[in-house]
Amino acid sequence: MNILIIGSGGRESAFAYKLSKSPKLNQLFIAPGNAGTSQYGQNVNLKVTDFDGIASFAVENEIDMVLVGPEEPLVKGIHDYFLHRQDVKHIPVIGPQQKGAQLEGSKDFSKEFMLRHQIPTAAYKSFNKSNLEEGLSYLETQKLPIVLKADGLAAGKGVLICETLEEAKTELTAMIADAKFGDASSVVVIEEFLKGIELSVFVLTDGDSYKVLPSAKDYKRIGEGDTGLNTGGMGSISPVPFADQTFLSKVEERIIKPTIEGLKKDEILYKGFIFIGLMNVDGEPYVIEYNVRMGDPETESVLPRIESDLVDLLEGVAKGDLGSRSYTVNPKTAVTVVLVSGGYPGEYDAGMEIMNIENVEDSIVFHAGTKEIDGKVVTAGGRVLAVTTLQDNLFDALQQATADAGRIFFERMYFRKDIGFDLL
Ligand code: AMP
Ligand code: GLY
């Protein structure tokens, strides 16, 4: 099979790494990719939202499958575009059509979906310009802290946890009346605050059957001890020690099955990954959010644990016979440590030469924000590399990943040395 991956981050590097191991793979392309993806396939200089360009490339290069990494092209309808264009409609796209992608593209849509299908989630109400006053009064009746969520995609910044009523009122007004997050906050979901510990569960589905992928936990804050600003993700671990069999079977019965059934009842044909952000509240799972793609940096911990051929599983998604494909998971623990540019998630410099990756022997180094200039690999983003190791237990994996992260060097490099230590 010839496969085209859409995206350029650590997640797409992990996909490229995993797909490249398959005996079913013929040629692999990554659009646009990064300095690391070129070791697994050929990078293609196309933007992830250039649907015309992507489709034409797919025709010219006899692509048999398109795997979409990030949410933006899905929410903007890349799958629908392929279905509606004669010369590419036979090429399966892994990732939902626009309607299904609303599970991530609209918080209001996803909350209504959960309510309709009795999927446990925080209590909520949605407000817009026409009922802003009602929203402000509603806030007075709610417990603190309270969560405000911009309905649309806001580059991961659209969720605010307000500690005081005054703050909540100011923010609600800023979001709706002053378009704090542009169009994305013209509708705001006000949601009950759930107190617990978060984890991510991933599902691959052909629209009917599904496989539950390894669960993972990501570390979003920039600082050690989970302090400081939110980032795209500073590290991840898989499996999650507190997500034991009892908890995971609650997740499957109360959340995964009703989600797949709900999509069918709503006549949303969904082929792709579902990322369920969960809160474990005293042993009971609640959905915080759906994403319609894999997580980053969770993918870097999850995929190395999947022993089965991922091309075979994706073929099962495309053909609708995923249920009959073999699927096994490695019981070892994966830890991923993300190396970022100094200053991230604020301003940072790019163009720093990255050295000593070759010194890493017991981890996989996935590239994220990197590019190659004159034969040198340099930084080209906030999250630069993701270092993943697989070991017999969490303690060994933490030590190995941290040690290997420290073997790499670029100017102003930073990484957290405490990824997963809270769970030991
Ligand atoms: P989201 O963009 O939906 O992933 O939300 C960002 C983060 O806000 C989540 O990862 C949680 O840490 C937090 N969060 C979202 N909703 C809630 C909630 N209802 N209760 C507590 N924390 C929440
Ligand atoms: N790691 C969280 C995300 O990918 O959205």
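The model shown is predicted, which means the values in this text are computed figures rather than measured ones. Residue numbers start at 1 and run along the sequence shown. Both counts, for ligands and for their atoms, begin at 1 and track the order of listing.
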Asks: Does D206 use its side chain to pair, donor to acceptor, with the backbone of L322 at less than 3.5 Å?
Replies: yes

Asks: Show your reasoning for whether side-chain contact (heavy atoms from CB on, under 4.5 Å) applies to F127 and E134.
Replies: CA-CA 8 Å; F127 297 92; E134 210 180 298; 4.2 Å; yes

Asks: Regarding D404 and R407, does a basic nitrogen lie under 4.0 Å from an acidic carboxylate oxygen?
Replies: yes

Asks: Salt bridge or not between E72 and K76? Use side-chain N to carboxylate O under 4.0 Å.
Replies: yes

Asks: Name the closest protein heavy atom to atom 13 (C) of ligand 1, giving the residue it belongs to and the distance to 0.1 Å.
Replies: I161 CD1, 3.9 Å

Asks: Answer yes when E267 and K99 have at least one side-chain N-carboxylate O distance shorter than 4.0 Å, and no when they do not.
Replies: no

Asks: Is it true that G233 lies under 4.0 Å from ligand 2, counting heavy atoms only?
Replies: no

Asks: Among all protein heavy atoms, pick the one closest to atom 11 (C) of ligand 1 and tell me residue, atom and distance.
Replies: E198 OE2, 3.1 Å

Asks: Mark up the atoms of ligand 1 that fall under 4.0 Å of a heavy atom belonging to E191, in ascending order.
Replies: 16 (N), 17 (C), 18 (C), 19 (N)

Asks: Of the protein's non-hydrogen atoms, which lies at the shortest distance from atom 2 (C) of ligand 2, and what is that distance?
Replies: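 Atom 2 (C) of ligand 2 sits closest to the protein heavy atom D218 OD2, 3.5 Å.
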
Asks: Considering only non-hydrogen protein atoms, determine which one is nearest to atom 7 (C) of ligand 1 and report residue, atom name and distance to 0.1 Å.
Replies: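 For atom 7 (C) of ligand 1, the nearest protein heavy atom comes out as V159 CG1, 4.4 Å.
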
Asks: Working to the nearest 0.5 Å, report the span between CD1 of I176 and CG of D151.
Replies: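 So the CD1 of I176 and the CG of D151 are separated by 10.5 Å.
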
Asks: So is R293 touching ligand 2 or not, going by heavy atoms under 4.0 Å?
Replies: yes

Asks: What part of R11, side chain from CB on, backbone N/CA/C/O, both or neither, has a heavy atom under 4.0 Å from ligand 2?
Replies: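 It is neither; nothing of R11 touches ligand 2.
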
Asks: Whether E166 and K169 form a salt bridge (side-chain N of Lys/Arg under 4.0 Å from carboxylate O of Asp/Glu) is what I want to check.
Replies: no

Asks: Using a strict cut-off of 4.0 Å, indicate which atoms of ligand 1 neighbour a heavy atom of E289.
Replies: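 Those qualifying, in numeric order: 1 (P), 2 (O), 3 (O), 4 (O).
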
Asks: Could K217 and Y219 be counted as a cation-pi pair, given that NZ or CZ must be under 6.0 Å from the ring centre and within 45° of the axis?
Replies: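 Ring-cation test returns yes.
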
Asks: Using a 4.0 Å cutoff against the non-hydrogen atoms of K220, which atoms of ligand 1 qualify?
Replies: 10 (O)

Asks: Mark up the atoms of ligand 1 that fall under 4.0 Å of a heavy atom belonging to M279, in ascending order.
Replies: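 Result: 21 (C), 22 (N).
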
Asks: When you measure from atom 23 (C) of ligand 1 to every protein heavy atom, which one gives the shortest distance, and what is it?
Replies: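 Protein heavy atom at minimum distance: I288 CD1, 3.9 Å.
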
Asks: Knowing that exactly one of Y210, Y270, Y290 qualifies, which makes a side chain to side chain donor-acceptor pair (under 3.5 Å) with T259?
Replies: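 Exactly one option meets the side chain to side chain donor-acceptor pair (under 3.5 Å) with T259, and it is Y290.
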
Asks: Does any N or O atom in A122 lie less than 3.5 angstrom from one in ligand 1, N or O only?
Replies: no

Asks: In terms of atom number and element, which parts of ligand 2 are under 4.0 angstrom from non-hydrogen atoms of G295?
Replies: 4 (O)

Asks: Any ion pair linking K180 and E171 (charged N to carboxylate O, less than 4.0 Å)?
Replies: yes

Asks: Answer yes or no: does an N/O atom from K220 fall short of 3.5 Å to an N/O atom of ligand 2?
Replies: no

Asks: Which atoms from ligand 1 have a heavy atom of K149 less than 4.0 Å away?
Replies: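 Heavy-atom distances to K149 below 4.0 Å select 3 (O), 15 (C), 16 (N).
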
Asks: Less than 6.0 angstrom from the centroid, inside 45 degrees of the normal: does K107 satisfy that with respect to the ring of F109?
Replies: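 Pair K107/F109 does not count as cation-pi.
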
Asks: Considering only protein heavy atoms, which is closest to atom 3 (O) of ligand 1, and at what distance to one decimal place?
Replies: K107 NZ, 3.1 Å

Asks: Give the residue and atom name of whichever protein heavy atom lies nearest to atom 20 (N) of ligand 1, and the separation in Å to one decimal.
Replies: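 It is L194 N, 2.8 Å.
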
